[in-house]
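I have placed the structure first, in the form of structure tokens, so that the comments after it can refer back to it.
For ligands, and for the atoms within them, numbers begin at 1 and follow the listed sequence.
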Amino acid sequence: MAETSIYTLAVHAGERLLKTDPREGEPYTPVVTPIHHSVGFTYADTEDLDAVFAGESETPVYARYGNPTVYALEAAVAALEGAEAALAYGSGMAAIHGALLAAGVKTGTSVAAAHDVYGATYAVLDRLLRGNGVDVRFVDVTDLASVRAALAETQPVALVVETISNPLLKVADLPRLAEAAHAHGTALIVDNTFATPALCRPLALGADFSVHSATKYLGGHGDALGGVVATSSIRRWQLNEFNKLLGANLGPQEAWLIHRGIKTLPLRFQRQCANAAQLAAWLATQPAVARVNYPGLPGHPQHDLAAGLLGGRYGAMVSFELRDAGRAEVFRFMDALRLIQPATTLGDVYTLVLYPAMSSHRALSPAMRRRIGIGDGLVRLSAGIEDATDLIADLEQALAAI
Ligand SMILES: Cc1ncc(COP(=O)(O)O)c(C=O)c1O
């Protein structure tokens with residue numbers, strides 16, 4: 001039988017797992033998983049409760065150990081990512097931290113990471129982990145020779161990369177990176193937030209953890225903060241053992257919202273990718289724009305790699321450098337936008353812009369930003385599902401206002 005389409009999986013995966021209704025004897029199952037606002041879960045037989053505490057049963061007992069609404073979301077993400085299992089977190093950052101812990105990061109170990117990862121991920125590695133005695137090596141993951149050299153030199157427990165990087169939109173060669181990492185016993189942690197499982201399933205390409213800020217495309221409506229790690233069953237168990245102690249859990253209300261968002265992920269993302277491609281092509285023709293970063297443009301350095309890896313679509317994020325611009329010009333441009341929202345997030349149904357130097361990459365020093373290519377005139381755009389003609393009209397009048 002043919003593999004189930006992601007459009008079908010997104011609608012049904014994770015639902016109707018709960019076969020028994022709380023009112024014993026009722027012969028029905030809710031079509032949509034209810035929001036289980038309960039911290040504790042009781043059992044008729046205390047032996048059953050004991051089995052849960054012993055780890056013999058993965059049924060709910062206490063919200064920090066798991067919750068049925070959250071389980072439903074986790075099952076949905078696992079299905080979309082082609083993973084055995086997934087664990088949800090209260091934020092994308094908590095998910096990244098969880099994956100690092102489960103990969104074995106602790107004092108005295110090494111970690112390698114792409115030098116242009118999302119700013120908060122960079123800060124976790126550079127400040128939190130380094131400050132706790134972890135040797136952290138930042139590398140340009142588009143330069144495989146330098147990645148291999150860093151792996152050989154430091155033998156890190158984890159290599160952290162983004163499928164499509166934030167905000168420069170470089171594309172990581174996941175199969176080659178997985179091969180290089182595994183040659184040194186290094187776990188590959190992939191932040192798949194920008195690609196989503198609609199474009200890429202990192203585990204099938206060799207990654208050990210596929211991490212999402214579920215706040216972004218998975219939720220898709222800018223109304224819930226969350227994160228998720230898709231991985232093997234055994235690694236999910238490890239992640240959950242940490243979470244049972246650390247309590248970085250996702251709440252049931254957020255889990256429900258994100259799970260509802262997932263049902264339209266493939267549809268939304270199809271439109272968002274098409275809009276991004278149209279906006280990128282238009283921006284590239286504008287005299288006020290010095291450079292456009294979009295993997296779908298033929299001039300993008302990893303365009304061919306992206307074409308193979310992402311199945312002919314290139315994501316819905318675009319970044320562009322305003323010509324001869326700094327903070328003042330970028331602010332004038334952002335203030336002039338009427339339809340597009342200057343908000344610090346991405347992946348929503350609304351088109352959004354952000355100034356990385358002020359927000360997502362503020363944690364990096366200006367020198368470091370310049371070194372990795374985040375200039376003072378760089379703007380990041382997250383394409384929504386509006387009509388591209390309306391978006392272009394808004395960009396046009398804002399560019400004229402600089
Ligand atoms: C690529 C990427 N990963 C992780 C995160 C962190 O996610 P959250 O804000 O849900 O903690 C973000 C946030 O913008 C992001 O863009």
Side-chain angles (χ1 to χ4, degrees), residues 70 73 77 81 86-100 113-128 141 158 160-172 174 189-197 199-200 202 207 209-230 243 246 248-251 253-255 257-258 261-262 269 272 276 293 295 310 315-319 341-348 350 352-364 372 374 378-383:
V70 182
L73 167 67
V77 174
E81 285 274 329
L87 190 78
Y89 289 83
S91 73
M93 289 316 302
I96 289 170
H97 183 237
L100 284 164
H115 66 179
D116 56 346
V117 283
Y118 167 57
T121 307
Y122 186 92
V124 164
L125 296 162
D126 186 44
R127 296 193 200 149
L128 213 71
V141 292
V160 183
V161 307
E162 293 170 354
T163 314
I164 304 176
S165 77
N166 179 5
L168 296 170
L169 309 173
K170 293 184 181 172
V171 179
L174 298 184
I189 300 175
V190 176
D191 183 332
N192 199 34
T193 302
F194 275 30
T196 85
L199 294 197
C200 181
F209 300 90
S210 178
V211 183
H212 284 271
S213 166
T215 319
K216 315 302 182 196
Y217 292 104
L218 299 186
H221 295 74
D223 51 17
L225 188 79
V228 62
V229 180
N243 229 19
L246 299 175
N249 307 66
L250 185 68
Q253 186 84 33
E254 277 77 9
L257 283 169
I258 294 166
I262 282 177
F269 205 55
Q272 286 169 309
N293 303 310
L310 309 176
M317 300 298 300
V318 180
S319 63
Q341 297 300 304
T344 308
T345 187
L346 65 101
D348 293 344
Y350 334 95
L352 301 159
V353 290
L354 165 146
Y355 184 40
M358 175 183 71
S359 50
S360 64
H361 288 70
R362 197 182 184 109
L364 276 67
I372 63 176
I374 301 175
L378 188 77
V379 177
R380 190 191 78 185
L381 181 145
S382 164

For this session: State, without any angle test, whether Q341 and D348 hold a side-chain donor-acceptor pair at a distance under 3.5 Å.
Result: no

For this session: Going by the side chain to side chain contact (heavy atoms under 4.5 Å, CB included) test, name the single residue among I96, V190, L218 that passes it with H212.
Result: L218

For this session: Can you measure from CG (N192) to OH (Y217) and round to the nearest 0.5 angstrom?
Result: 11.5 Å

For this session: Write down the atom of L169, the atom of S319, and the distance for their closest heavy-atom approach.
Result: CD1-N, 3.4 Å

For this session: Mark up the atoms of ligand 1 that fall under 4.0 Å of a heavy atom belonging to D191, in ascending order.
Result: 1 (C), 2 (C), 3 (N), 4 (C)

Exercise. Looking only at heavy atoms, what is the nearest atom pair of A172 and E162, with distance?
Worked result: CB-O, 3.5 Å

For this session: Give the residue and atom name of whichever protein heavy atom lies nearest to atom 10 (O) of ligand 1, and the separation in Å to one decimal.
Result: T215 OG1, 2.6 Å

Problem set entry | Residue G226 vicinity, atoms of ligand 1 by number, heavy atom under 4.0 Å | 10 (O)

Exercise. So, does K216 sit close enough to ligand 1 that a heavy atom of it is under 4.0 Å from the ligand?
Worked result: yes

Seminar exercise, completed: min-distance protein heavy atom vs atom 16 (O) of ligand 1 -> N166 ND2, 3.0 Å

For this session: Report, in ascending order of atom number, the atoms of ligand 1 lying under 4.0 Å from any heavy atom of L346.
Result: 16 (O)

Seminar exercise, completed: Shortest non-hydrogen pair, G347 vs Q272, comes out as O-NE2, 3.6 Å

Problem set entry | Close N or O approach (S213, ligand 1; < 3.5 Å) | yes

For this session: Return yes or no for this condition: an N or O of G92 is under 3.5 Å from an N or O of ligand 1.
Result: yes

